[in-house]
Structures are given as C-alpha cells and as structure tokens.
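Presented below is the structure to which this report refers.
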Amino acid sequence: MLATLRFPVARSLGRRYPEPDHPYRNAFQRDRDRVVHARAFRRLEAKTQVFTPGLSDHFRTRLTHTIEVSQIARTAASCLQLDEDLTEALALAHDIGHPPFAHAGESELDRQMRRFGDRFDHNLHALRIVETFEQRYARFPGLNLTFEVREGMAKHSRDFQPGEIPALDEYLPGLRPPLEAQLIDLADEIAYNTADLDDAYSAGLLSAAQVAGAVPQYAAILEAVETQFPGASSREQFQEALRRLIDLLVSGLIEGTARAASESGAGSVEEVRAHAARIATFTETAQETNRQLKQFLHSHVYSSPALVEERRRASAAIAGLFQIFVEHPEQMPENYRAETEHRPPHRVVCDYIAGMTDAYFQRTYAAVAQRSQTL
Ligand code: MG
C-alpha cells in the first residue's frame, strides 16, 4: 500500500506556540482530542446537515455526519497505510466552521458579506475558530493545532496558488496537501451522498426504484438484494442496498487512490505535495456512480418543495438578523458589541451568527424581533 506516502508525525512542522511532547499521545492524536473537546465541535450537534429536525428523530445532524466522515476516512487511511490519527483529526474538524441552517446559512452569510465587499467561507471560518475563537488554554488563544491539521483545513475543498488567498499564504500555496488531507473531501462526498439518500428515503421523498432508475450501479445492487432477500421488506432492502453502496464507494476510493499513487510514481510526501494534481481519487466506476448520485439528489431531494421552502425561510431569517445587528450592534451580547469598536461591524456580526446553532439562532431571532418592534 502507500506506507511510503504516509505523513510521518515526527516531521510535523509543529504548533504556533511550542509545547512539550505528551508522554503517550503523539501530536496528531492530541490534535484529534483537542477538536473533540472544542465547544465548536459540540455545537455541531445542533446544526442542520440537510434535513431540519422535527419530521424525524433519525436525520443526520452535522455532528453525526462528521462521525460518518471520520469513520469512512479512517477506514481508507488505515487500509492505505496512511496516518489514521491525522486523517481522523482532519475529518472531525472538517465541518467545524459551518453556520446554522446548512448550505442556506452559508450562502446567505456570504451574500450579506459581499454587500460589504467581504466574503464568508466556512473553511476560513473553521481556521479562525481553531486559531482564535476557542479559549481553552491559558497560554495562547485557540487550540494551537499542528501545521498539517491547519493546512488540511485550509485545503479541505480545494488547493490554491500563491497570492490567490492572501490569508492562507502560510499554508504552502501551490502545493498539494498530504494524502491524509486529500482523503477528507472524498470521504465527505461518500458520507453525504449516501446519508442524504437515507434521510430522504426516511422523509418519504424517494423510493429505491427511483434511485435505481438514475444510478445503474445502485440498480445492480438493488437487484442482487431483491434476489437474495425476496421476503425482506422494502425498507430492509433499501438499507441493505445502501450499505453495499457505501462499501462500493469506499472501496472505489481506496482502489482509485492506490492506483493513482502508483501511476504518479510519487515515493515520498514531498512528491505527493509537488504532484501536479491531487492523488486521492475514486476509480472511474465509483466516480461515475458518485456523480450520478449527486445529480439524483439535486433533482429529487435538494430541489424538493419542502427543502426549498426551508432554505428560503432560513435565508430570510439570517438576512433579517444580520441587518438588525449591523444597524444596532447594541442588540448583540456586550462582548460582540464591544468588538465592533475595533473591527468592521459586519465581520463581528458574521462571526457571531456563524457560530450559532440552529436552536440558538431561533431563540435569538425571536428575542431580537420582539425587542426591535420597540426600536
Ligand atoms: Mg461535510
């Protein structure tokens, strides 16, 4: 496998604020533990993944999605003989910067920030959380994570060129991240494509036959399941097919990455970094199935009237609260209001809202709406 491409923890570029070694946990294991103990990590429990709670108690939250990504990424890393601890730390941190209300929240915050010539990006926000907002140490702000974990967070969705994102210039622009970090984005896709199918099935938005009509590999799996378990209920058949689909995609990721690594000729982490493209990849078949799943979810789930309406309501509420806070910073808690004296108010408002859970947002919105009638 890819043991020569594993990132050796002993060669980590280390932490911003040097710390003595721990007697029995290495630096990446400590980073994983620091993420798990962060407040922002616990808040993932009350943030929407795709389906808001209420209709069912079984939908993924952003926390359970994160655990699924971590499980998939660790399986791939361990099978490929990469560093499982670095992979796990990155998987657990990958969504830590997500605002309330999933992608509706993210795109509405970005829309509000653009009015001020600024942007909201959940990966950059995640870095600010682990660098600044978390307060767990007396000696320094943030979690003081290793360079490789911060780099992996910065490059979670894509790589960038020197000067392209000035705020990220310290994270080796122009170079690929280690393979452990490259796995996360693809493990994320496997986790959310299959989980969204599952949750949409629970919500009554689709049938197994519809998925089979759009995704040939799924159709083959379903047929095999129906032949093998003709007496099983349709829910049992759906679940059985779903777990085989996850297995097929994870195997496709492992096999595709192993093959691409051997074709690349890379024999060291430096060569992985210098390679023209990312090495982690699906096999062609798994890639195609993943693409078809994504397309199916867009046309049958994400664009369903119920979800479109939920996103519209979430966006309107975020826009409303953002506007009120920008015009009336005194409506925010005192520490945030005080910050608007040193930093642009729209930045402070964005940070405040981005950190909220769905439930905290709803409570705040209701309270502010009530007070603002008297403004
Ligand atoms: Mg994710």
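For ligands, and for the atoms within them, numbers begin at 1 and follow the listed sequence. We number each residue from 1, following the sequence as shown.
In summary, the side chains of Y302 and D196 do present a donor paired with an acceptor at a separation below 3.5 Å, with no hydrogens or angles considered. Between the side chains of E148 and S12, at least one donor-acceptor pair of N or O atoms lies under 3.5 Å. Of the N and O atoms on the side chains of H103 and E106, at least one donor lies less than 3.5 Å from an acceptor on the other residue.
A ring-centre distance under 6.0 Å is found for H22 and Y24.
Residue contact annotation: H65 places an N/O/S atom under 2.8 Å from the Mg ion (ligand 1).
Nearest N/O/S atom of D188 relative to the Mg ion (ligand 1): this is OD1.
The angle that D95 OD2 and H94 NE2 make at the Mg ion (ligand 1), rounded to 10°, works out to 90°.
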